[in-house]
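Following: one structure in C-alpha cells, then a few remarks.
Below, read A as the first sequence line, B as the second, and so on, with proteins coming before strands; counting in each chain starts at 1. Quick note: numbers below take in every heavy atom, side chains included, and nothing from hydrogens, waters or symmetry partners.
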There are 2 protein chains.
Amino acid sequence: MAAGRDESVDTIQRELTAFARRARATAARLHPELSLVSYTLLAHIDAQQGCRATDLAAHYLLDKSTVSRQVATLEKLGLVERRPDPADHRVQVLHPTEAGTRALSSTQASRRAAYQERLADWSTEDLDRFAAYLIRYNGSA
Amino acid sequence: MAAGRDESVDTIQRELTAFARRARATAARLHPELSLVSYTLLAHIDAQQGCRATDLAAHYLLDKSTVSRQVATLEKLGLVERRPDPADHRVQVLHPTEAGTRALSSTQASRRAAYQERLADWSTEDLDRFAAYLIRYNGSA
DNA sequence: TCCTTACCGTTGTACTATACAACTGAATGT
DNA sequence: ACATTCAGTTGTATAGTACAACGGTAAGGA
C-alpha cells in the first residue's frame, strides 16, 4: 500500500475502466432478461419517480436519438409508459408500468444478490467508505 | 453517512453501474483518436508485455471472436503486431508496435490529466484507499 | 403580436461492438 | 493413432450508438 498520488490515480483509472468494460457481460450473465442498457434506463426512470428522455440522455451521456429508441423499445416491451406533461406539451414524462416495476425488482434482486455475495467479507465501515468514495467520484463530473 | 450494509451495497452497485454507462462517451470526449475498446485492449497488451487474444477475452469477459476482430482492427491500424509463439504454434503473442506505444502514451496522458483534475482535491490517503477498494472489488471476481 | 431562438423528441442513415455457431489447425493425453 | 481440448477466424445476426435533418412546442424580445 502507501502508493504515491500519481500511482493511486492511475490505479483508480485502470480499475474503474476494467470494471466498465466487464459490466455488459456481467449484467448479461446476471439477468439475461434485461440488458444493462435497459436496466440502467429503467432504474433511473424509477428512481426519479418519472423523468424525461432528456434527463436520461444527460445522466448517461447519451445522444437523445439513442434514448428515444431505447425508450421506444422499453415501451414496446410494456415496461415504460409515457405521460404527457400538462405544463409543457413538448415533454413526455416517463414512468415504469406495473410490468416494468416487476421486471426492475427481479433484476435488482439478482444484482443485489451478486453484489452482496461479492462484498460479503467486507466490513460495514469499508462498504460505507467505498460507497462514499464512489458517490464523491461520480458527483465531481 | 453511516448507512446500513444493504444501503451501501446498493449505492456501490448504482454508482459503479452509472460510471460504466458513462465510460464510453467520456472516453470519446477525452481521446477521440482511440475508442474505449481499442484503448482498453491496447493498454492490457502493453501492461502484460505481450499477451494472447484469449487473455484479453478472459480479462474483459468478451467472446474470442470479438477479440479476434478487435485485434485485426488494431493490427490494420498499425498499433499492434502478432508474433508467433515458438513454443505453441496455436498462439499469437500480441505486442504494441512503435505507433501503438505512441498512441497509448498520448491517450493515457489525456486520461491521466482528466483523472488528476477530477481527483485534485482528494487527499492522498483517500486516493490510496479508494484505489485499494477498487482493486479489492475487481479482484473478487 | 410576430419572429427568432431555444428546446423536446423522432426518424433516416451509418457504423461499432458484440455474441453464437461452425470451422481450421495445432497440441495433449490416453 | 485417435479423441479431446485449445487458439484463433469467419459467417451471420443483433444491439447500441452517434450525427444530421426534421416537426412541433415554448419563450423572449422587437
Parallel, tilted or perpendicular: ring planes of A/Y115 versus B/Y137, cut at 30 and 60 degrees
parallel
Whole-Å distance, B/L56 CG to D/dT9 P, equals 12 Å
In whole angstroms, the gap separating P of D/dG8 from CD of B/E75 amounts to 13 Å
Between CD of A/Q92 and C1' of D/dG23 the distance, given in whole Å, is 13 Å
Whether each nucleotide of nucleotides 16-22 of chain D has a protein heavy atom under 4.0 Å at its base (B), only at its sugar-phosphate (S) or at neither (-) is summarised, 5' to 3', as SSBBB--
Partner of B/Q13 under side-chain hydrogen bond (donor to acceptor under 3.5 Å, both in side chains), picked from A/Q108, A/Q116, A/R111, is A/R111
B/L74 CG to D/dG8 C1', in whole Å, measures 16 Å
- State whether A/S68 places a side-chain N or O below 4.0 Å from either non-bridging phosphate oxygen (OP1 or OP2) of C/dT11. no
With a 4.5 Å heavy-atom cut-off, do B/L41 and B/Y60 have their side chains touching? yes
Rounded to whole Å, CZ of B/R52 lies from P of D/dG8 at a distance of 6 Å
note: A/L34, atom CG; D/dA15, atom P; distance rounded to Å ~ 14 Å
Original post:
Would you say a side-chain N or O of A/T54 is under 4.0 Å from OP1 or OP2 of C/dC7?
Top reply: no
dist A/S8:OG -> B/D126:CG (nearest 0.5 Å) comes out at 10.5 Å
N/O donor to acceptor pairs below 3.5 angstrom from side-chain atoms of residues 61-73 of chain A, sequence neighbours left out:
| unit_1 | atom_1 | unit_2 | atom_2 | d |
| --- | --- | --- | --- | --- |
| A/D63 | OD2 | A/S65 | N | 2.9 |
| A/D63 | OD2 | A/S65 | OG | 2.7 |
| A/T73 | OG1 | A/R69 | O | 3.0 |

Discussion item. Checking B/E98 against B/R102 for the salt bridge (Lys or Arg N to Asp or Glu O under 4.0 Å) test, could you report, in this order, the C-alpha distance in whole Å, the side-chain angles of both residues, the deciding distance, and whether it holds?
Written reply: CA-CA 6 Å; B/E98 172 56 31; B/R102 260 185 283 116; 3.5 Å; yes
Walking DNA chain D from its 5' end, the first of B/V93 and A/R90 to be reached, judged by nearest nucleotide, is B/V93
